[in-house]
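All figures in this text were calculated on a predicted structure; none of them were measured in a lab.
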Amino acid sequence: GQDDGLEVCLRTTDGKKPGPTFVLHGFANGAFESVTDAGALQTQVDALGKGTRYAAHQGQNEWTAEWAIPLAVVGAKPAKTLGFNVGINRLETGDWLIWAGALSQTWLLDNAGKLTLTP
């Protein structure tokens with residue numbers, strides 16, 4: 001709540017039952033965390049956090065972020081489909097900007113977007 005933040009949410013969707021939903025938070029100050037907010041197990045969250053790389057750069061009136069997320073930890077492989085969403089929390093305006101309106105939390109991926117990985 002002290003810095004602008006970015007939330008990345010993803011899960012595998014191939015098969016009859018979707019995989020666990022993973023949530024990563026990144027902040028303008030360069031900190032990031034992998035959290036259990038959407039029900040992924042602590043061991044899964046820890047593995048994703050350990051393999052993830054995150055960097056943020058603050059300009060005068062803006063900030064940018066870059067992620068390197070080990071998709072294999074999520075269960076993603078080429079020809080797999082991932083449920084995906086991303087949201088940005090702007091403290092100055094109090095706005096949440098969300099890529100695909102999930103009609104609730106960003107990590108509720110049934111109404112969000114999809115990414116298809118190709119070889």
Side-chain angles (χ1 to χ4, degrees):
Q2 297 178 8
D3 284 302
D4 284 357
L6 171 67
E7 183 171 75
V8 174
C9 310
L10 46 116
R11 71 173 180 209
T12 57
T13 59
D14 293 341
K16 294 181 181 183
K17 183 179 177 187
T21 300
F22 291 87
V23 179
L24 294 164
H25 294 152
F27 303 96
N29 67 2
F32 86 93
E33 60 188 2
S34 181
V35 297
T36 60
D37 294 1
L41 299 175
Q42 188 67 53
T43 54
Q44 296 168 317
V45 165
D46 290 345
L48 184 62
K50 183 176 180 180
T52 296
R53 300 294 172 256
Y54 176 77
H57 174 75
Q58 293 185 38
Q60 186 168 346
N61 294 314
E62 63 187 25
W63 65 284
T64 59
E66 183 175 336
W67 291 92
I69 301 169
L71 296 178
V73 174
V74 178
K77 300 174 185 171
K80 285 272 190 176
T81 300
L82 295 176
F84 176 81
N85 211 356
V86 61
I88 300 168
N89 184 8
R90 298 279 306 174
L91 291 180
E92 183 178 327
T93 61
D95 291 329
W96 262 100
L97 308 170
I98 300 178
W99 180 60
L103 306 177
S104 192
Q105 293 91 346
T106 310
W107 49 264
L108 292 175
L109 298 178
D110 289 343
N111 296 314
K114 299 219 183 299
L115 298 177
T116 301
L117 304 177
T118 58

remark   = Residues passing the side chain to side chain contact (heavy atoms under 4.5 Å, CB included) test with Gln42, sequence neighbours excluded, are Thr36, Val45, Asp46
Of the non-hydrogen atoms in [X] and [Y], which two are nearest, and what is the gap between them?
| X | Y | answer |
| --- | --- | --- |
| Leu24 | Ile69 | CD1-CD1, 3.7 Å |
| Val73 | Gln44 | CG1-O, 4.3 Å |
| Ala100 | Ile98 | O-CG2, 3.2 Å |
| Thr21 | Ala40 | O-CB, 3.5 Å |
| Pro18 | Arg11 | CB-NE, 3.6 Å |

key: Any Leu109 side-chain heavy atom under 4.5 Å of Thr13 side chain   = no
inquiry  = Side chains of Asn89 and Glu7, heavy atoms from C-beta outward: is any pair under 4.5 Å?
reply    = no
Let me confirm one number: the [atom1]-[atom2] distance from [X] to [Y], rounded to the nearest 0.5 Å.
| X | Y | atom1 | atom2 | result |
| --- | --- | --- | --- | --- |
| Leu71 | Leu48 | CG | CG | 8.5 Å |
| Asn85 | Lys114 | CG | NZ | 10.5 Å |
| Leu117 | Thr81 | CG | OG1 | 7.5 Å |

Side chain to side chain donor-acceptor pair (under 3.5 Å) contacts in which one or both residues fall within residues 51-73, not counting sequence neighbours = Asp4-Trp63
query = Got a donor-acceptor contact below 3.5 angstrom from the Asn29 side chain to the Ala31 backbone?
reply = yes
task = With sequence neighbours excluded, tell me which residues meet ring-ring contact (aromatic ring centres under 6.0 Å, His included) with Trp96.
result = none
ask   = Can you get from Phe84 to Trp107 by hopping between Ile, Leu, Val, Met, Phe, Trp and Tyr side chains that sit under 4.5 Å apart?
value = no
